Structure formats: C-alpha cells, structure tokens
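To start, the structure under review is shown below, and the notes come after it.
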Amino acid sequence: DAGITQSPRHKVTETGTPVTLRCHQTENHRYMYWYRQDPGHGLRLIHYSYGVKDTDKGEVSDGYSVSRSKTEDFLLTLESATSSQTSVYFCAISESGSNEKLFFGSGTQLSVL
Amino acid sequence: AQSVSQHNHHVILSEAASLELGCNYSYGGTVNLFWYVQYPGQHLQLLLKYFSGDPLVKGIKGFEAEFIKSKFSFNLRKPSVQWSDTAEYFCAVRPVGYQKVTFGTGTKLQVIP
C-alpha cells in the first residue's frame, strides 16, 4: 500500500465548529486530492493540489478550504462545520505518466451533530 | 467540466454469471479512463485504466473494459463473476492536460453464491 496516512480516522464535532483533516504521504507524489463519499453520490472532488501552494477547487468546494505548505501534507479545513458535511473523507495521491493512478488513504469518518 | 454517469446503481448476479457495468462520460477532448473497486470496509483500488492504444484493456482479477470513443463509453466486463467480486465499482475520468479526476456515482455489485 502507498504511504498515505489520514488523521483523525474518526471525528465527531458540533455544528459551527472548525475542523481540520490531515493527509500525509511518504511517496513524494505531486498531486493530492480530497474527496467525500456519500451514499448515492459516489466520490465527489472537494479540492485538489498540483504542487506546494498550488490548489484548485473541485465540484463541491463550498464550505471547505485546503492548504499545502509541504509536498507531503494536504490539509482540509471545514471552516464552520454543518450537518451536510457529515461524510467519509478520502485523501488520494497520484503521479503523472504511464503509471498514473490514484492511491487512496483509509478515510476519515466525520460526523457533525 | 467533465462528468461521469454510471446507470446501474445496484446489480445482483449469481456466481458464474457474466458482468457488464456501464460507464459514460461527457467531455469533448481526450481523456484518461479508470475503473476502481471498493471492497467492503476497504478503500478504493485501481482495477484497470485506459490512456491510449488498444481500446480493450485488461485489468486485475479477470476484469476488462472497452473504450468506445464514439459512444463516450468505458464499460467494465467480466465473463464469470465470483462471490469475492462483491464490491462497489467506480468509473473515473481525467481530461488529458488537467488534473481533476471525476468519479461516477458507483455501482454496487452483489454476487450470490
């Protein structure tokens, strides 16, 4: 398995509080992604990064921000958590070229009460 | 922006039956195409991918997929399914030259022994 660590693995928080999820990789891959997985919606891209300090929005970016100050770390912040953000969050990494594929972390189960 | 449609949301098959899962994408340019699988309790892993060349690609565990450019389709097939193929299957697309990877909503496959 690729070296991807997501933390925390589980979190319960209250509406209105800020939450930060961390993705750490040891593969030195250039591209990093945050997805959320919800029943009936599959995986939806929140934000992605194509290098240090280089990020872009995905299809469901409202209410989320990201930062990538080092190649190995990609942080996802819920600025003010809402119940609609209760989900499983997956980080993924990738490199370009013929071996391109996404390697996924184990996920973070987030519950917003 | 690209999008991916998976029309079969839930498929139930008996062991040894043949499988075909549909995937259609919308994007006017060149794309890289992927099928990922998520076994119960696990994170996504790559089944197969198509970048260019022979439109019939083979992946792990006996799966194959055919890219039909005129139909914007990338259907997944397996001649004879096993109980261990019970999982959720996701089609994904990445436009060449861009890093945004978009997933379909997934198809849950249940194989009955």
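Just so you know, these numbers come straight off a predicted model, no measurement behind them. Chain letters run A, B, ... following the sequence lines, proteins first, then strands; residues in each count from 1. These numbers come from the heavy atoms of this one structure, side chains and all, not from hydrogens, waters or symmetry mates.
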message: Do the side chains of E100(A) and R94(B) get close enough for a salt bridge, i.e. N-O under 4.0 angstrom?
response: yes
Identify the residues of [range] whose heavy atoms come closer than 4.5 Å to a heavy atom of chain A, ordered by number, or report 'none'.
{"range": "residues 102-113 of chain B", "value": "T102(B), F103(B), G104(B), T105(B)"}
{"range": "residues 62-91 of chain B", "value": "E88(B), F90(B)"}
{"range": "residues 8-37 of chain B", "value": "N32(B), F34(B), Y36(B)"}

[X] portion near chain A, given a 4.5 angstrom heavy-atom threshold:
{"X": "L44(B)", "answer": "both"}
{"X": "K49(B)", "answer": "side chain"}
{"X": "Q38(B)", "answer": "side chain"}
{"X": "V4(B)", "answer": "neither"}

- prompt: To the nearest 0.5 Å, how far apart are OG in S106(A) and CD in Q42(B)?
  reply: 10.0 Å
Distance-only donor-acceptor hits, side chain of residues 39-48 of chain A, under 3.5 Å, sequence neighbours excluded:
residue : atom : partner : partner atom : Å
R44(A)  : NH2  : D38(A)  : OD2          : 2.9
H47(A)  : ND1  : D56(A)  : O            : 3.3
H47(A)  : NE2  : Y64(A)  : O            : 3.1
Y48(A)  : OH   : D56(A)  : OD2          : 3.3

task: Treat each ILVMFWY residue as a node, draw an edge where side-chain heavy atoms are under 4.5 Å apart, and state whether I60(B) and F103(A) are in one component.
output: no
- prompt: Do L75(A) and Y31(A) belong together in a cluster built from hydrophobic side chains that touch within less than 4.5 Å?
  reply: no
K57(A) atom NZ: more than 12 heavy-atom contacts under 6.0 Å: no
- prompt: When you look at OH of Y98(B), are more than 12 heavy atoms from neighbouring residues, nucleotides or ligands closer to it than 6.0 Å?
  reply: no
- request: Applying side-chain contact (heavy atoms from CB on, under 4.5 Å), run through Q99(B) and Y33(A) and close with a yes or a no.
  value: CA-CA 10 Å; Q99(B) 288 309 313; Y33(A) 302 79; 3.5 Å; yes
- request: Have a look at K101(A) and tell me which of L47(B), L48(B), L46(B) forms a side chain to side chain contact (heavy atoms under 4.5 Å, CB included) with it.
  value: L46(B)
